[in-house]
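What follows is a short report on a single structure.
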2 protein chains.
Amino acid sequence: MIIELDLQSELPIYTQLVNQIIEGIASGQLQLGEPLPSVRSLASDVGVNLHTVNKAYTLLKQEGYIQVHRQRGVVVHPDGMPPVTESFSDKQHGELRPIIAEAICRGMDKAQILGIVEGLYNEITQKREGN
Amino acid sequence: MIIELDLQSELPIYTQLVNQIIEGIASGQLQLGEPLPSVRSLASDVGVNLHTVNKAYTLLKQEGYIQVHRQRGVVVHPDGMPPVTESFSDKQHGELRPIIAEAICRGMDKAQILGIVEGLYNEITQKREGN
DNA sequence: CCATCTGTTATATTACATGTATAACAGTTA
DNA sequence: TAACTGTTATACATGTAATATAACAGATGG
């Protein structure tokens, strides 16, 4: 999977790594149980420090997206993804709320906002044929 | 309008202030042209430093949500809200994309995600009768 | 056995963001 | 004149982000 970093972004590098790996899983580009590069090789590939990749992997592991298998290394969690917990829903609502409020302020109506979300949903899931 | 801060949140205080004021406008609790508290009084009310409020106001002003009128003080922009620009759309997509990808990972389908967004939309806009 | 890879941990350093504190300035208002 | 407004400047403390270097235990392949 191709990982592209924007070093000018306000988003921390480890957050960009987390986001892209999660999107890779969501899009099907990364299958359950599929191995991920080692912290050192990924760090070398994208040109950052080993600790930056390690922080991203640690977060993904804590949330249950990946597993560190003593033999197989780091893999996308083979037993499936974490469920929709209450704390996840709370976090999701807290992130969505200001985005929706801002859209309303700028004059977007319900249909327009839902259209944007649906478009992004399709964009992510329709990568599954591409690779 | 009631402003509540979570000092334990990972969100910066000035971001919480920005978000709540924008949601106040979106919900109609804050009308166009309506005055906002001075930096010093709001800082005193919520128990933070004057500069923290000033940073929130500066951001809101830069984005066109509020106006600093020499006589009237700080007011919600009387001439209307900023439009949906290309840079706003880019920012909005960049914020929504990882949220949607995470929801897909956890097994939410398109209808569920749209339902969450619609619920939050209704929750924000239906405050208009409440006050 | 040995060299090499794995994730993990520790320490140190640099840079930046956040938040507070204090002070001052110019303009407005009562 | 006194009190308020937004604004700016400076300084300080704290935490986060990212890098650099190093070491450790466990696993792997020659």
Side-chain angles (χ1 to χ4, degrees), chain A residues 3-21 30 33-78 91 94-95 98, chain B residues 3-21 30 33-78 91 94-95 98:
Chain A
I3 288 189
E4 291 183 7
L5 296 181
D6 177 8
L7 300 181
Q8 313 302 323
S9 169
E10 78 287 352
L11 281 179
I13 297 175
Y14 71 85
T15 301
Q16 297 183 44
L17 291 174
V18 167
N19 287 344
Q20 294 198 29
I21 290 172
L30 294 175
E34 184 172 338
L36 293 175
S38 74
V39 288
R40 286 174 177 85
S41 67
L42 180 51
S44 172
D45 284 351
V46 298
V48 300
N49 190 272
L50 146 164
H51 289 98
T52 306
V53 176
N54 188 251
K55 180 160 187 178
Y57 278 7
T58 299
L59 289 173
L60 288 166
K61 188 177 60 176
Q62 283 174 350
E63 291 174 349
Y65 288 104
I66 66 176
Q67 200 182 49
V68 178
H69 200 278
R70 191 44 92 172
Q71 282 85 2
R72 281 171 262 168
V74 178
V75 297
V76 180
H77 208 301
K91 181 174 75 84
E95 291 169 348
Chain B
I3 288 189
E4 291 183 8
L5 296 181
D6 177 8
L7 300 182
Q8 313 302 324
S9 169
E10 77 288 351
L11 281 179
I13 297 175
Y14 70 85
T15 301
Q16 297 184 43
L17 291 173
V18 166
N19 287 346
Q20 294 198 30
I21 290 172
L30 293 175
E34 185 172 335
L36 293 175
S38 75
V39 289
R40 285 174 178 85
S41 67
L42 179 51
S44 173
D45 284 351
V46 297
V48 300
N49 190 273
L50 147 165
H51 290 99
T52 305
V53 176
N54 188 253
K55 180 161 187 176
Y57 278 8
T58 299
L59 289 172
L60 288 166
K61 186 177 63 175
Q62 282 175 351
E63 292 174 348
Y65 289 104
I66 65 177
Q67 200 182 48
V68 179
H69 203 276
R70 193 41 96 170
Q71 282 85 4
R72 280 170 261 167
V74 178
V75 296
V76 180
H77 208 302
K91 180 174 76 83
E95 291 168 348

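Treat the numbers as computed from the prediction; the structure is a model and nothing was measured. We name chains A, B, ... by the order of the sequence lines, and we start the count at 1 in each one.
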Toward the 5' end of DNA chain D, by each residue's nearest nucleotide, A/L11 or B/S38: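 That would be B/S38.
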
If you assign each of A/G47 and B/T58 to its closest nucleotide in DNA chain D, which residue comes earlier from the 5' end?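 Nearest nucleotide further toward 5': that of B/T58.
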
Closer than 4.0 Å, any side-chain N/O of A/T52 to the OP1 or OP2 of D/dA18?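 Checking D/dA18 against A/T52, no side-chain N or O comes under 4.0 Å of OP1 or OP2.
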
Please tell me if A/K55 has a side-chain N or O lying less than 4.0 Å from either OP1 or OP2 of D/dA18.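 No, no such contact exists.
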
Expressed as a whole number of angstroms, how long is the span from [X]:[atom1] to [N]:[atom2]?
X: B/I13; N: C/dA17; atom1: CD1; atom2: C1'; value: 13 Å
X: A/Y57; N: C/dT6; atom1: OH; atom2: C1'; value: 12 Å
X: B/N49; N: D/dA11; atom1: CG; atom2: P; value: 17 Å
X: A/L59; N: C/dT8; atom1: CG; atom2: P; value: 12 Å
X: A/H69; N: C/dT8; atom1: NE2; atom2: C1'; value: 17 Å
X: A/Q8; N: D/dA18; atom1: CD; atom2: P; value: 13 Å
X: A/L5; N: D/dA17; atom1: CG; atom2: C1'; value: 14 Å
X: B/N54; N: D/dT10; atom1: CG; atom2: P; value: 16 Å

Check: [Y] and [X] side chains under 4.5 Å, non-hydrogen atoms:
X: B/L36; Y: B/L42; answer: no
X: A/V74; Y: A/V39; answer: no
X: A/Y65; Y: A/I21; answer: no
X: B/N54; Y: B/N49; answer: no

Return the polar atom pairs (N/O with N/O) between nucleotides 23-30 of chain C and the protein under 3.5 Å, or none.
residue, atom, partner, partner atom, Å
C/dA24, N6, B/R40, NH2, 3.1

Under 4.0 Å between any heavy atoms, over every strand shown, what does B/Y14 touch: base, sugar-phosphate, or nothing? Just pick one.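 Sugar-phosphate contact only - B/Y14 comes under 4.0 Å of backbone atoms but never of a base.
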
Name every donor-acceptor pair, under 3.5 Å, that has one atom in a side chain of residues 9-16 of chain B and the other anywhere in the protein, sequence neighbours excluded.
residue, atom, partner, partner atom, Å
B/S9, OG, B/L11, N, 2.8
B/Q16, OE1, B/D6, N, 2.9
B/Q16, NE2, B/D6, O, 3.0
B/Q16, NE2, B/L11, O, 3.1

From the set D/dT19, D/dA18, D/dT7, return the single nucleotide nearest to any side-chain atom of A/P12.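 Selected nucleotide: D/dA18.
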
CZ-CD distance between A/R72 and A/E34, expressed to the nearest 0.5 angstrom: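 It is 13.5 Å, given to the nearest 0.5 Å.
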
Calculate, to the nearest 0.5 Å, the distance between atoms OG1 and CG belonging to B/T52 and B/L17 respectively.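 Result: 8.0 Å between the selected atoms.
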
